[in-house]
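Computation of the quantities below employed the complete heavy-atom set of this structure, encompassing side-chain atoms and omitting hydrogens, waters and symmetry-equivalent molecules. Residue numbers count from 1 along this sequence.
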Amino acid sequence: MLPTRRYACTFSMLALLAAMLVVRDIPGRADPIPQDLGRFAVPGYVGTPAPSRPLTGASQPQHPYLAANGRSGMHADGASSDTHPYAGPLGRNPTVTSESMAVVGGECATLTFDRGGRIVAVCGTFSGFLVKLLHPRTLKTLAEHQLPQRPSSVDAITSMDLSKIFKDTSGGAYAYLDNRDRLVLADSRQHLLRIAHSRDAGSEWRFTVEDDWDLGRYVPHDCKSWGNLSPDGDCDPVTSVMPDWEGRIWWVTREGRIGTVDPAKGSVKSIRLQGEEIQNSFSAGPDGMSIVSDHALYRFDTKADGTPRVLWRRAYDRGTGSKPGSVNQGSGTTPTLLGDYVAITDNADTRMNVLVYRRKSGDLICKIPVFGAGASTTDNSLIGWNHSLIAENNYGYENVTSLTSGRSVVGGATRIDIRRDGSGCNVVWKSQERSPSTVAKLSTGNGLVYLYTKRPSRLGIDAWYLTAIDFRTGKTHWRRLTGTGLLYDNNWAPVTIGPDGTAYVGVFNGLVAVRDRE
């Protein structure tokens, strides 16, 4: 019965996509995300509140061209540590609020926070991504800026193939907030934008595009659109952007192009990794940029004129094909920088490995297999704190149709520590929590790791929970129901801990917020 149910759900989603031809998203919606009737048959809270046990140790260095650590992007900082310095909810009578951002879709994949604590988000809809300024408590939209529709959305509607959307990481999802509270992203037109927000004379918030660099000369852009349904050229979307420590803005494309923009001069320099694909974001340290393709991990700096230059390249085991739970054949991780090391995972066939290298030389420190044989992959960055890494198993998740009718993934999360003398790595703990696709986060302010979990249900109920586990021991402290049904599937969006201690989760229809009751 399960395959039949899955196809029925897929056809329903395709019908919704087709409806987008005649139904537009409604900006500024102010409605909670709908739940299905399953919410009455599952517990709202499981476990007990956790004690607050802040972590001590060296934090990531502050990137000079990014917003404060914990506020700047999907992976929290330039090192992609996926850690937040703020203490998230401890599970003390936690409340849940949500906001639906569109008629269909609306997932807020990237959350950043300006100096005033307001949320600057990128939310995906089928008619185009939206840059939104949100009130951190009410989730009310204060301002929004429409970005152009991605070619993958047009292709999905015309071909009735959902995978074209859910395997596309381009169009602004990997945006960052800079040191002047401006959001920087590359849109689906291959334009690099720097967008500011401010209040006008009437105290209304608005977005303003301060800078617009056209990358069209450097990136093929004959892409599918409603005015160009049969392109005959190449289309190479920009997948991610990040500044280096000198202030250049780096960008990467799906087909392996890597470039820089000098904001002062507007000059663009680029190279290409021939035959390699880049679907993840990348990381910036004072020693250069760490970028992973579907073949190898790289460390880059630039020549004098700003042209990217390879310092070292380390190929890894990319396996013989992509797995369910992977966007492509290769590592699903954004490189994580911690101390003298950089870490990724590979895509080995039997068991995925966590790989740790020395940042300066590229020497391999350890290769640790994780999760079960034949059911091991991740498409999320590793959490990195001091000498510790946490990996999450996404095997079995592909998109929002994957886990309907009460299904879940095999799951698992593992902590691995690099030995203090750099001689190798050890497994510290294993958790059996099933976190299908979220970018998990660590709150160093209280010592909790936050996952977004879904347990299998014989009743066919799709119940999603924010789950807190202990960083030190891997013990699960509590789970709080956020909602039931497909609209609460987070579909690769992260958990984000805000400056006020709220835990936010981007879900298919918008945004969920969990906070302890005051």
Exam field: side chain Q329 to backbone D294, donor-acceptor pair closer than 3.5 Å: no

Salt-bridge present (D262, R248; N to O < 4.0 Å): no

Derivation of the side chain to side chain contact (heavy atoms under 4.5 Å, CB included) call for T482 and V505: CA-CA 9 Å; T482 59; V505 184; 5.6 Å; no

Pair L273-I291, side chain to side chain contact (heavy atoms under 4.5 Å, CB included): steps then yes or no: CA-CA 11 Å; L273 307 178; I291 298 175; 5.5 Å; no

Electrostatic pair R318:E277 at N-O distance under 4.0 angstrom: no

Salt bridge flag under 4.0 Å for residues R359 and D287: yes

Inter-residue atom distance N380.CG - I390.CD1, 0.5 Å rounding: 13.0 Å

Test item: side-chain donor near acceptor, D500 and Y86, under 3.5 Å: no

T97 side, atom OG1; L139 side, atom CG - distance, nearest 0.5 Å: 5.0 Å

CZ/R137: more than 12 non-hydrogen atoms of other groups inside 6.0 Å: yes

Which atom of K269 lies closest to which atom of P308, heavy atoms considered: O-CD, 4.0 Å

Side chain to side chain, N280 and T333, heavy atoms closer than 4.5 Å: no

No-hydrogen, no-angle side-chain donor-acceptor test under 3.5 Å, Q60 and D77: no

Presence of salt bridge, K454 and D462, under 4.0 angstrom: yes

Separation between SG of C108 and CG of N490, rounded to the nearest 0.5 Å: 12.5 Å

Exam field: side chain K441 to backbone V495, donor-acceptor pair closer than 3.5 Å: yes

Side chain proximity check, D379 to S437, heavy atoms < 4.5 angstrom: no

Check: D234 side chain, P220 main-chain N or O, donor-acceptor pair, under 3.5 Å: no

Exercise: identify the closest heavy-atom pair between A121 and L134: CB-CD1, 4.3 Å

A348 versus N353, closest heavy-atom pair with distance: CB-ND2, 3.7 Å

Flag side-chain contact, heavy atom, 4.5 Å: M242 against V252: no

Side-chain donor-acceptor contact under 3.5 Å, N394 with T378: yes

Whether over 12 other heavy atoms sit under 6.0 Å from H197 NE2: yes

Side-chain heavy atoms of P335 within contact of L297, under 4.5 Å: yes

Minimum heavy-atom distance between S290 and F282, given as atom pair plus value: O-CB, 3.2 Å

Non-hydrogen side-chain atoms of V512 and L466 separated by less than 4.5 Å: no

A67 backbone acceptor or donor facing Q62 side chain under 3.5 Å: yes

Nearest non-hydrogen partners of I497 and G88, listed with the distance: CG2-CA, 3.9 Å

Check: T334/S281 side-chain N/O donor and acceptor closer than 3.5 Å: no

Main-chain N/O of V507 paired to D489 side chain as donor or acceptor, under 3.5 Å: no

Check: S331 main-chain N/O paired with Y316 side-chain donor or acceptor under 3.5 Å: yes

Salt-bridge contact K140-E99 (side-chain N to carboxylate O under 4.0 Å): no

Inter-residue atom distance S283.OG - M289.CE, 0.5 Å rounding: 8.0 Å

Flag for T377-S326: side-chain donor and acceptor within less than 3.5 Å: yes

Any donor-acceptor pair under 3.5 Å from R182 side chain to R194 backbone: no

Non-hydrogen side-chain atoms of L403 and Y397 separated by less than 4.5 Å: yes

Straight-line distance of T169 OG1 to Y174 OH, nearest 0.5 Å: 6.0 Å

D82 side, atom CG; T336 side, atom OG1 - distance, nearest 0.5 Å: 6.0 Å

Minimum heavy-atom distance A493-G506, with the two atoms named: CB-O, 3.2 Å

Side chain to side chain contact (heavy atoms under 4.5 Å, CB included) evaluation trace for E144 with W205: CA-CA 9 Å; E144 74 177 30; W205 288 98; over 6 Å; no

Any W251 side-chain heavy atom under 4.5 Å of I249 side chain: no

Ionic contact status for D214 with R189, cut-off 4.0 Å: no

W312 side chain reached by S361 side chain, heavy atoms, under 4.5 Å: no

Side-chain (S188) to main-chain (Q149) donor-acceptor, under 3.5 angstrom: yes

Audit row: Y395, M352, side chain to side chain contact (heavy atoms under 4.5 Å, CB included) steps and yes/no: CA-CA 10 Å; Y395 189 91; M352 175 184 76; over 6 Å; no

Y452 backbone acceptor or donor facing S435 side chain under 3.5 Å: yes

Donor-acceptor pair, side chain of N69 and main chain of P85, under 3.5 angstrom: no

